[in-house]
Amino acid sequence: MPWIDVASRATLAERRWMEVAAGRKAVLLFDIAGSVHATSAICPHHAAFLSQGSFEADMVDCPRHQGRFHIPTGALLRGPACPSLAVYPTKIEDGRVLVEI
Ligand code: FES
């Protein structure tokens with residue numbers, strides 16, 4: 001799997017979470033207490049854009065049916081039965097965030 005440069009680490013620190021493109025995938029980046037995480041930006045239930053939902057602690061809530069996912073693992077914590085949210089490995093190099101897709 002290739003590592004893709006998707007964002008400035010400093011920008012993510014400022015915004016706390018942001019949607020980026022990693023190749024053809026829409027990815028959400030999160031800064032959780034200084035740790036960088038990446039998930040799919042698309043809800044696995046009915047494909048809502050999670051960037052239009054909310055992010056608190058280590059959870060992201062879907063705006064459509066209020067599904068709640070644990071960001072580090074992608075596990076469904078609340079809401080309609082659906083697959084887990086896809087998560088992707090991340091690393092930091094030279095002030096950039098890279099995601100393995
Ligand atoms: S589309 Fe996200 S919970 Fe239904």
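Keep in mind the model is a prediction, meaning the values are calculated, not measured. Counting starts at 1 for both ligands and their atoms, following the listed order.
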Residues Asp31 and Arg15 bridged, charged N to O under 4.0 Å: no
Audit row: Arg78, Asp61, salt bridge (charged side-chain N to carboxylate O under 4.0 Å, His left out) steps and yes/no: CA-CA 9 Å; Arg78 181 192 70 198; Asp61 288 0; 3.4 Å; yes
Ring pair (Phe, Tyr, Trp, His ring centres under 6.0 Å): pairs with one or both residues in residues 6-31, sequence neighbours excluded: Trp17-Phe30, Trp17-Phe55, Phe30-Phe55
Inter-residue atom distance Met59.CE - Ile71.CD1, 0.5 Å rounding: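 Here the interatomic distance stands at 8.0 Å.
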All ring pair (Phe, Tyr, Trp, His ring centres under 6.0 Å) counterparts of His46, not counting sequence neighbours: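 Residues passing ring pair (Phe, Tyr, Trp, His ring centres under 6.0 Å) with His46: His65.
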Heteroatom count (protein N, O or S) under 2.8 Å of atom 2 (Fe) of ligand 1: 2
Residues that Arg96 engages under side chain to side chain contact (heavy atoms under 4.5 Å, CB included), provided they are two or more places apart: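 Testing Arg96 for side chain to side chain contact (heavy atoms under 4.5 Å, CB included), a comparison that skips the adjacent residues, returns Asp5, Ser8, Leu98.
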